[in-house]
Amino acid sequence: MAWVLLLVAGLIEVAWSIGMKFTEGFTRLWPSVFTGAGIVASMVLLSIAAKTLPIGTAYGVWVGIGAAGAAVLGMAVLGEPVTASRIFFICLLLVAVVGLKVTSGH
């Protein structure tokens, strides 16, 4: 169950990180409210998952999902540059996330 919570926390992290783009420096009310709620929800789920998973693994996986997801959505939705090197390094992030999962002992 901890892994499911961690996956959901990572996906929410992707959502709030993309949401920050729409807050315009937290000057727009509703995007800011949704982004803030996402930050809190993601952190709560991470902390629950970290009760049973090693913190280095849990945090690393959470950050990896968030970083890779934000980069992919940035390219797909926000018009950020799509280059071979960006895709390569996103793939490396995903390999690291899988590696942390496989070697966690849980």
Could you state the interatomic distance from [atom1] ([X]) to [atom2] ([Y]), rounded to the nearest 0.5 Å?
{"X": "I18", "Y": "L78", "atom1": "CD1", "atom2": "CG", "answer": "5.0 Å"}
{"X": "L6", "Y": "M1", "atom1": "CG", "atom2": "CE", "answer": "12.0 Å"}
{"X": "M43", "Y": "L45", "atom1": "CE", "atom2": "CG", "answer": "11.5 Å"}
{"X": "W30", "Y": "T35", "atom1": "CH2", "atom2": "OG1", "answer": "12.5 Å"}
{"X": "L5", "Y": "S42", "atom1": "CG", "atom2": "OG", "answer": "11.5 Å"}
{"X": "L46", "Y": "I12", "atom1": "CG", "atom2": "CD1", "answer": "11.0 Å"}

Honestly curious: do [X] and [Y] fall in one hydrophobic cluster under the side-chain, below-4.5 Å linking rule?
{"X": "V72", "Y": "V14", "value": "no"}
{"X": "V44", "Y": "W16", "value": "yes"}
{"X": "L11", "Y": "W3", "value": "yes"}

Item checked: Residues forming a ring-ring contact (aromatic ring centres under 6.0 Å, His included) with Y59, sequence neighbours excluded ->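 Counting only residues at least two positions away or on another chain, Y59 forms a ring-ring contact (aromatic ring centres under 6.0 Å, His included) with W62.
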Minimum-distance pair of heavy atoms, taken over all atoms of [X] and [Y]:
{"X": "T52", "Y": "A2", "result": "OG1-CB, 3.1 Å"}
{"X": "I65", "Y": "G10", "result": "CG2-C, 3.5 Å"}
{"X": "P54", "Y": "S104", "result": "CG-O, 4.3 Å"}

Distance-only donor-acceptor pairs under 3.5 Å for side chains of residues 86-101, two or more places apart:
| unit_1 | atom_1 | unit_2 | atom_2 | d |
| --- | --- | --- | --- | --- |
| R86 | NE | P81 | O | 3.4 |
| R86 | NH2 | E80 | OE1 | 3.4 |

